[in-house]
Amino acid sequence: MVLIKGLVIFILCTALLVQSEKDDWWKSATIYQIAPLSFKDTTGDGKGDIQGIISKLDYLVDTGIDVILLSPFFQSNMVDFAYDISNYIEVDSTFGTMKDVEELFTKAKAKGLKVILDFVPNHTSNKHEWFIKSEVETDGYKDFYIWHDGHKQINEGRNLPPNSWQSEYGGSSWTWSPMREAYYYHKFAKEQPDLNLGEELVIQKLNEVLKFWLDKGADGFRVDAVSQLFEDPAFLEVPDKANDLPQTYELIERWRKFLDDYSKNESKILIPQVWNAPIDDLMRYYVSEDGTPRAQVPMNFMLINELNKDSTASDYKRVIEKYLSSLPTGAIANWFLGSHDHNRVASRMGRDRIDGLMILLQTLPGISFTYYGDEIGMEDHMDISWDDTKDIQACNADKDSYQPLSRDVARTPFQWDKSENSGFTSGKSWLPVHPGYVENNLESQMSVNNSHYALFKELTKLRKNSTFAFGDIEIKALGNNTLAYARTYDQSSFLVVINLGNATEDVDASQFKVKLNERSKIRVAATNSKHEIGEIVNLSNLHLTPYDAIIIDYYSSATKVTLSLLAVMMIIVKIFL
Ligand code: NOJ
């Protein structure tokens, strides 16, 4: 009897442990980034809106998305894709009303979707009330932004800028205010003055913004431009360090505490946008040296920044292992292959690689971030004319040089179907729809079994499996272009094999630490694969056609025995209690 009770307690504890691991909703989440302006328009003004997102919630749930990450929809002067906010706690009329956003929260939550918002603390719009007050030195607002008198010129009128720092979008990052007779600093456009985050009152105001949206139901925040939050306080021409300054980590630590204090029972997550930091700096965003928690998920752009069309399987292995082996103990990995700031993955890496790369994104350990449209392999629209160009980074250039700078290419409307404007709007779309939408759209992909979308859906389902959610990883480069990794949890394993190259490769995939079953079956195959789902593969001689990608399911007989034993034990326990 004592033995049986002990067994019951053991089983219950194990179940609870697994449960608590699973309860932390974000740890293996499938996160989907929506740019509201380009997702779905319901008013006919050619711009996506909140009601458009609401109308697609069922689509998102059906696709297997757990969390939606919404790019800014707050009141904005619309200079930079709504990243120039003029009121953090109002909804811009382009997107709808506060009531619409409340409805979105309610409906998303009812469908089990978490909602993450974009928090932009580095800068506001120059139309924000705080800036307007700061420019005229209103009491309390004088130091809200980074003001500098500049360097006096003898006999020359206006002072010179404090230094030659350049803005991300071209030109000096200092703009002269004739009203205040001083320069203000802007890392981005001149219409986006940087807040002075060294000023306690500014932090307090920003905390009020966080609280406002937490009260509405936000489950966390992407934090925009974190690497750029602080500048060298001496404004040295060549500062010791330009990004990711020590104060940045302290502020993230504060915000983490703020969220943790706000919500004791359920995690609210912080996702700092860390642009291209050296790996040690990136890791510092997770936790301080003395163990104080910082962000749960500092964005990992390494698959974008460090790999390209020519990367070999060994390059992939190196990049993935470098990241994973640098993670602090217990930290959760995350992966990006696209965002509103990058060329689309299908264009950057080649259309033929889209399946293999989506398989990669969804089967690596941790959180996956999918940029809207990547689930159907949307591509960059490379022919947006100068007149149609909207991205400030491109607009700040000229007619002859704007194209390589433009992020509009990856911001075009979602390709829902083959009707006019791809079913995005009944009006004139704010950016031209990609001309390929007639062939490549969601509706057409949904009408066939073998499509990028069908594969994507299969992957989001599969990644809910504990092996992908919590399992270990062993990575190998099996050929010049064939990347393979085994994911293992308890006694269950999957083997992912991706040929990234345009040539056939025959590889030996039998040499993993986990001994794969001789009769392992294919669970998932890329749309162009010659392999069949359910096919039993010969691991020691695996034939991969160009860009082939498969997931092999290894459900060992050992696993089956363990599970059967467990079931028998449960029955015995029930009988005796
Ligand atoms: C980072 C955002 O990702 C980018 O799109 C934006 O232009 C800058 N922040 C400035 O707001």
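Counting convention: from 1, in listed order, for ligands and their atoms alike. Residue numbers run from 1 in the order of the sequence given.
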Of all the atoms in ligand 1, which lie at a distance below 4.0 Å from a heavy atom belonging to Asp80? 6 (C), 7 (O), 8 (C), 10 (C), 11 (O)

For the residue pair Lys114 and Trp25, would you count it as a cation-pi contact if the rule is NZ or CZ under 6.0 angstrom from the ring centre and within 45 degrees of the ring axis? yes

Contact between ligand 1 and Lys187 is defined here as a heavy atom of the residue under 4.0 Å from a ligand atom; is it met? no

In ligand 1, the atoms that come under 4.0 Å of a heavy atom of Tyr169 are 6 (C), 7 (O), 8 (C), 10 (C)

State if Phe81 counts as touching ligand 1 under the rule of any non-hydrogen atom under 4.0 Å. no

Salt bridge or not between Asp341 and Arg407? Use side-chain N to carboxylate O under 4.0 Å. yes

What orientation do Tyr249 and Tyr285 show, parallel under 30°, tilted 30 to 60°, or perpendicular over 60°? tilted

Below 30° counts as parallel, above 60° as perpendicular, anything between as tilted: where do the rings of Tyr371 and His340 land? tilted

Under 4.0 Å between heavy atoms, the region of Trp275 that gets near ligand 1 turns out to be neither

Is the closest heavy-atom distance from Arg222 to ligand 1 below 4.0 Å? yes

If the plane angle is over 60° it's perpendicular, under 30° parallel, otherwise tilted; pick one for Phe39 and Tyr372. perpendicular

Using a strict cut-off of less than 4.0 Å between a Lys/Arg side-chain nitrogen and an Asp/Glu carboxylate oxygen, indicate whether Asp118 and Arg222 qualify as a salt bridge. yes

For ligand 1, does Glu168 get within less than 4.0 Å through its side chain, its backbone, both, or neither, judged by non-hydrogen atoms? neither

Quickly, which of Arg344, Arg351, Arg348 forms a salt bridge (Lys or Arg N to Asp or Glu O under 4.0 Å) with Glu379? Name it, please. Arg351

So if I count the atoms of ligand 1 from 1 in the order they appear, which ones are less than 4.0 Å from some heavy atom of Gln273? 1 (C), 2 (C), 3 (O)

Which one holds for Arg411 and ligand 1: side chain close, backbone close, both close, or neither close, with close meaning a heavy atom under 4.0 Å? side chain

Heavy atoms only, cut-off 4.0 Å: how does Gln393 contact ligand 1, side chain, backbone, both, or neither? neither

I'd like to know if Arg284 and Asp281 make a salt bridge, using a cut-off of under 4.0 Å between side-chain N and carboxylate O. yes

Please confirm whether His186 comes under 4.0 Å of ligand 1, counting heavy atoms of the residue only. no

Can you pull out the closest protein heavy atom to atom 3 (O) of ligand 1? Residue, atom name and distance to 0.1 Å, please. Asp341 OD2, 2.4 Å

If we number the atoms of ligand 1 from 1 as shown, the ones under 4.0 Å from a heavy atom of His123 are 10 (C), 11 (O)

Relative to the ring of His128, is the ring of Tyr88 parallel (under 30°), tilted (30 to 60°) or perpendicular (over 60°)? tilted

Report yes or no: does a heavy atom of Gln192 sit under 4.0 Å from some atom of ligand 1? yes

Just to confirm my output: which protein heavy-atom neighbour is closest to atom 1 (C) of ligand 1, and how far is it? Asp224 OD1, 2.8 Å

